[in-house]
Visitor: 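The following block contains the structure, expressed as structure tokens.
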2 protein chains.
Amino acid sequence: MFDVVKVLKEKGYKVTPQRIAVFDVLKHTKAHPTVEAIYNKLQPTYPTMSLATVYKSLEMFKSLNLVQELNVGEDKFRYDANVNPHPHITCISCGRVDDVDDEMFFNLTEQVASKTGYKITGQQLYFYGKCPECK
Amino acid sequence: MFDVVKVLKEKGYKVTPQRIAVFDVLKHTKAHPTVEAIYNKLQPTYPTMSLATVYKSLEMFKSLNLVQELNVGEDKFRYDANVNPHPHITCISCGRVDDVDDEMFFNLTEQVASKTGYKITGQQLYFYGKCPECK
DNA sequence: TTGAATGCAAAGACTTTGCACGATT
DNA sequence: AATCGTGCAAAGTCTTTGCATTCAA
């Protein structure tokens with residue numbers, strides 16, 4: 001959370017309660033929330049906050065590389081304050097989105113690069129199935 | 001293409017020129033087209049075909065497991081007549097979406113399953129970078 | 001013939017934008 | 001005090017739906 005304040009100041013952007021609050025939600029969850037979810041979470045504490053502000057804040061954080069945007073195949077995006085590319089797994093039953101430890105993907109990128117001839121700059125690995133609670 | 005006719009008949013759905021045409025586009029491309037792209041491709045030959053019909057046909061094919069829906073992180077979906085789960089790579093420069101040979105992902109699913117406790121039913125692996133032509 | 005599919009237009013979901021008011025520096 | 005950000009509402013993009021007409025079987 002302090003890093004956000006620092007980055008915003010460095011870049012000459014204003015440090016507003018709304019921006020802090022949006023980032024704070026992402027920083028303290030592993031749930032990969034949607035815009036709507038972030039908005040709902042903030043409603044009790046910031047009843048005047050608008051959806052537009054959530055969208056605008058996320059857009060800014062994205063451009064500053066403070067959050068990453070995910071799309072696990074839904075018609076909407078999810079957000080993650082962990083900007084490291086790392087694999088995700090989605091429960092097809094309850095919809096939760098968990099992280100997957102990425103040790104086993106070590107050197108996968110290099111293999112893909114040499115196979116395809118691409119210069120690889122990012123990746124999103126999504127797995128789908130039933131989580132331990134749902135199966 | 002013949003398989004589509006067969007499946008539609010088996011399931012009691014009508015075999016229409018529009019359905020055949022939509023599937024045919026997907027069957028003969030490796031470009032992972034969007035709905036709009038499919039629609040545009042068909043315009044010259046089927047000037048009366050509507051976007052709604054493309055959407056409805058794809059929805060049906062999806063439910064029959066004749067095509068799969070992809071989302072590489074855009075605000076729209078892409079479609080693929082190859083329904084095998086297989087990795088994709090997107091050029092961040094020109095936007096093309098290519099397939100990646102999936103040999104190297106052999107047994108990845110099992111590893112993820114044992115790490116996460118999920119029962120895995122599907123996967124989407126997306127890599128991003130610059131294609132040979134763009135880099 | 002008859003029910004299902006098409007195609008148009010309207011509606012819906014998510015996201016972006018414009019602008020006046022308000023807050024940060 | 002000046003400027004940037006917020007929040008409302010309107011607009012934009014992609015997708016879905018309703019319904020009368022048309023078509024496959």
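In what follows, chains are A, B, ... by sequence order, proteins preceding strands, each numbered from 1. Note: hydrogens, waters and symmetry copies are ignored here, and every other heavy atom, side chains too, is used.
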Visitor: Please report how far the helix from dT1(C)-dA25(D) to dT25(C)-dA1(D) bends, comparing the axis fitted to its first five pairs with the axis fitted to its last five, to the nearest 10 degrees.
Guide: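 Result, rounded to 10 degrees: 30°.
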Visitor: What is the separation between atom CD on E59(B) and atom P on dT15(D), rounded to the nearest whole Å?
Guide: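 For the pair E59(B) CD and dT15(D) P, the rounded distance is 12 Å.
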Visitor: Nearest-Å distance, CD (E36(B)) to P (dG12(D))?
Guide: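 Checked: the CD to P distance equals 16 Å.
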Visitor: Tell me: CD of Q18(A) to C1' of dG7(D), nearest whole Å?
Guide: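 For the pair Q18(A) CD and dG7(D) C1', the rounded distance is 9 Å.
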Visitor: Can you check whether V83(B)'s main-chain N or O pairs, donor with acceptor, with D80(B)'s side chain at less than 3.5 Å?
Guide: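 Absent.
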Visitor: Would you say the side-chain atoms of Q68(B) pair up with the backbone N or O of N84(B), donor to acceptor, closer than 3.5 Å?
Guide: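 Yes, the answer is positive, given that a donor and an acceptor are paired below the 3.5 Å cut-off.
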Visitor: Give me the residues of residues 71-82 of chain B where at least one heavy atom lies under 4.0 Å from an atom of DNA chain C, by number, or none.
Guide: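 Going residue by residue through residues 71-82 of chain B, none turns out to have a heavy atom under 4.0 Å of DNA chain C.
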Visitor: Which part of the nucleic acid, if any, lies within contact of P17(B), taking any heavy atom under 4.0 Å across all strands shown: a base, the sugar-phosphate backbone alone, or nothing?
Guide: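 Counting heavy atoms under 4.0 Å across all strands, the contact made by P17(B) is with sugar-phosphate only.
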Visitor: Which residues end up grouped with F105(A) if you chain together Ile, Leu, Val, Met, Phe, Trp and Tyr wherever their side-chain heavy atoms are less than 4.5 Å apart?
Guide: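 Cluster partners of F105(A): I89(A), V100(A), M104(A), L108(A), V112(A), Y118(A), I120(A), L125(A), F127(A), I89(B), V100(B), M104(B), F105(B), L108(B), V112(B), Y118(B), I120(B), L125(B), F127(B).
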Visitor: Determine the contact category for T48(A): base if any of its heavy atoms lies under 4.0 Å from a base atom, sugar-phosphate if only primed atoms, P, OP1 or OP2 are that close, otherwise nothing.
Guide: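 Contact class for T48(A): sugar-phosphate only.
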Visitor: Report the nucleotide, chosen from dA5(C), dG7(D), dT17(D), that has the shortest atom-to-atom distance to any side-chain atom of A52(B).
Guide: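 The answer is dT17(D), which lies nearest to the side chain.
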Visitor: Which atom pair, heavy atoms only, marks the closest approach of K41(B) to T45(B)?
Guide: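 Taking every non-hydrogen atom into account, O-OG1, 4.4 Å.
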Visitor: Nearest whole angstrom, please: distance from the P of dG7(C) to the CG of L42(B).
Guide: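 Interatomic distance, CG of L42(B) to P of dG7(C): 11 Å.
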Visitor: Measure from OH on Y13(B) to C1' on dT6(C) and round the result to the nearest Å.
Guide: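 To the nearest whole Å, that distance equals 16 Å.
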Visitor: Taking the side chain from Y39(A) and the backbone from T53(A), do they hold a donor-acceptor pair closer than 3.5 Å?
Guide: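 Pair absent, no side-chain N/O of Y39(A) close to backbone of T53(A).
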Visitor: From dC8(D), dA5(C), dG5(D), pick the nucleotide closest to the side chain of T16(B)?
Guide: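 Side chain of T16(B) sits closest to dA5(C).
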Visitor: Is any N or O donor-acceptor pair between the side chain of K14(A) and the base of dT3(D) shorter than 3.5 Å?
Guide: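 By the distance-only test, yes, there is a pair.
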Visitor: State whether D98(B) and R96(B) are salt-bridged, where the test is any N-O pair (Lys NZ or Arg NE/NH1/NH2 against Asp/Glu carboxylate O) under 4.0 Å.
Guide: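 So D98(B) pairs with R96(B) through a salt bridge.
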Visitor: Any ion pair linking E36(B) and K76(B) (charged N to carboxylate O, less than 4.0 Å)?
Guide: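 Salt bridge absent between K76(B) and E36(B).
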Visitor: Main chain of Q124(A), side chain of Y128(B): is a donor-acceptor contact present, judged purely on distance under 3.5 Å?
Guide: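 It does not hold such a pair.
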Visitor: Looking at the side chain of Y55(B), which of dG7(C), dC14(D), dC8(D) is the nearest nucleotide?
Guide: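 The listed nucleotide nearest to Y55(B)'s side chain is dC14(D).
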Visitor: Can you name the closest pair of heavy atoms from Y79(A) and L26(A) and give their distance?
Guide: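 Closest approach of Y79(A) to L26(A), heavy atoms only: O-CD2, 3.4 Å.
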Visitor: Would you kindly give the CE-to-C1' distance between M49(A) and dA23(C), to the nearest whole Å?
Guide: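 Atom-to-atom, M49(A) to dA23(C), this comes out as 14 Å.
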Visitor: Nearest whole Å is fine: how far is dT25(C) P from K11(A) NZ?
Guide: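 It works out to 17 Å between those atoms.
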Visitor: Under 3.5 Å, side chain of R19(A) to main-chain N/O of K14(A), donor-acceptor pair present?
Guide: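 Yes, the answer is positive, given that a donor and an acceptor are paired below the 3.5 Å cut-off.
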Visitor: Given dT6(D), is OP1 or OP2 found less than 4.0 Å from the side-chain N or O atoms of S50(A)?
Guide: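 Checking dT6(D) against S50(A), no side-chain N or O comes under 4.0 Å of OP1 or OP2.
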Visitor: Expressed in angstrom and rounded to an integer, what is the separation of R19(B) atom CZ from dC23(D) atom C1'?
Guide: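 Spelled out: CZ on R19(B) to C1' on dC23(D) is 11 Å.
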